[in-house]
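Down below is the structure, laid out as structure tokens.
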Amino acid sequence: MKRRLFVKKTGIVSMGILAFSGAKVFANTTEEKSSVIDLLPFSEVSQKIILKGSIVDAITSQPIGDCKMTVKAKTNRLFNTTKNILTSNGDYTIVSGFIPEGKISRKIEVEIEADGYKTYTSFIYLSVGGCHLHSKEWDYNKNFDHNNCPKNKRIGSEIVSLFNFRLVK
């Protein structure tokens, strides 16, 4: 019990020091005009994962232009990253990686907005085995087929996952 109280007090003091220092450590938010979201950690990575594809119409499979994609990744208790991209042709790329002594999986939240379509919000799991979907995918798109799941391929020390987000009207 004493240890828990010590940790709690230390955390409060640390948070106070960070808050008064003016440092922005709680969230890193950026918006880019490119179609690449970089979630690579600051340290060297042992495994790189690249998720890429297009944002398409669920019925026609045609790319949707002028989409806003927001990706939220929680690195740890203090550091969250939120990055936005604005696509003109629907193409996107998310780059992430795993440090040698770190976790071997990462959960990211993806939100996509496009005029005329329901807002897409779901989770993607990135792991050393590739990209995997959260069950919310089927809640959003009732016609989602398992053949539309990410296709994962290992190329050297990189895993490339191909996946098209299918938006519904």
Side-chain angles (χ1 to χ4, degrees), residues 25-58 60-114 117-141 143-168:
V25 297
F26 299 106
N28 176 14
T29 305
T30 60
E31 187 166 301
E32 303 175 19
K33 290 286 185 185
S34 75
S35 61
V36 178
I37 293 178
D38 184 356
L39 298 175
L40 282 169
F42 293 117
S43 59
E44 181 180 339
V45 296
S46 62
Q47 185 87 40
K48 192 178 199 180
I49 183 165
I50 302 167
L51 172 62
K52 62 183 178 177
S54 297
I55 302 165
V56 300
D57 183 283
T60 66
S61 296
Q62 294 298 311
I64 301 170
D66 298 325
C67 298
K68 178 183 178 183
M69 175 186 265
T70 302
V71 174
K72 298 175 186 174
K74 186 173 186 174
T75 305
N76 57 38
R77 290 182 183 201
L78 292 178
F79 297 100
N80 295 320
T81 301
T82 301
K83 295 198 177 186
N84 301 311
I85 57 171
L86 303 171
T87 68
S88 57
N89 61 359
D91 291 340
Y92 76 92
T93 302
I94 299 172
V95 180
S96 188
F98 306 100
I99 57 176
E101 63 278 352
K103 289 183 179 179
I104 58 169
S105 66
R106 186 171 202 184
K107 177 176 149 182
I108 60 174
E109 183 179 1
V110 177
E111 182 177 285
I112 303 172
E113 297 173 335
Y117 292 88
K118 285 184 4 183
T119 299
Y120 174 94
T121 303
S122 191
F123 294 99
I124 302 288
Y125 297 95
L126 304 177
S127 72
V128 293
C131 173
H132 307 283
L133 300 176
H134 190 274
S135 60
K136 282 180 128 182
E137 190 71 37
W138 285 265
D139 292 338
Y140 175 79
N141 182 356
N143 297 321
F144 190 80
D145 188 310
H146 73 279
N147 292 322
N148 299 327
C149 287
K151 309 294 185 255
N152 300 308
K153 184 168 144 182
R154 182 177 298 279
I155 303 172
S157 65
E158 293 182 353
I159 296 173
V160 177
S161 295
L162 303 175
F163 178 64
N164 291 333
F165 288 99
R166 299 176 181 281
L167 301 188
V168 297

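Keep in mind that this is a model prediction, so the values were computed, not measured. Computed over heavy atoms, backbone and side chain alike; hydrogens, waters and symmetry mates excluded.
Residues I85 and V36 form no side-chain contact, since every pair of their non-hydrogen atoms from C-beta on lies 4.5 Å or further apart. Using a 4.5 Å cut-off on side-chain heavy atoms (C-beta onward), L133 and S122 make no contact. With contacts defined as side-chain heavy-atom distances shorter than 4.5 Å, the pair S61/R166 qualifies. Side-chain contact check for I124 versus F165: some heavy-atom pair is nearer than 4.5 Å. Two residues are said to be in side-chain contact when any heavy atoms from C-beta on lie closer than 4.5 Å; I55 and Y120 fail this criterion. Within the 4.5 Å cutoff, the side chain of Y92 has no heavy atoms near those of the I112 side chain.
V71 is linked by a side chain to side chain contact (heavy atoms under 4.5 Å, CB included) to I37, L39, M69, I94, I108, V110, counting only residues two or more places apart in sequence or in another chain. For N89, the side chain to side chain donor-acceptor pair (under 3.5 Å) partners at least two apart in sequence or on another chain are D91. Checked against side chain to side chain contact (heavy atoms under 4.5 Å, CB included), K118 has the following partners two or more places apart in sequence or in another chain: Y140, V168.
Considering CZ of R154 and CD1 of I159, their distance stands at 4.0 Å, rounded to 0.5 Å. In this structure, N164 CG and D57 CG are separated by 12.0 Å, a value rounded to the nearest 0.5 Å. To the nearest 0.5 angstrom, S161 atom OG is 4.5 Å from I49 atom CD1. Taking NZ of K48 as the start and CD1 of I155 as the end, the distance is 11.5 Å to the nearest 0.5 Å. Interatomic distance, CD of E113 versus OG1 of T121, reported as 8.0 Å (0.5 Å rounding).
Few gaps surround NZ on K151; more than 12 heavy atoms of other groups in view lie less than 6.0 Å from it.
Judged by distance alone, the side chain of S127 and the main-chain N or O of G129 form a donor-acceptor pair under 3.5 Å.
Between Y125 and F123, the distance separating the two ring centers is not shorter than 6.0 angstrom.
Counting all heavy atoms, side chain and backbone alike, L126 lies closest to S96 at CD1-CB, 3.8 Å.
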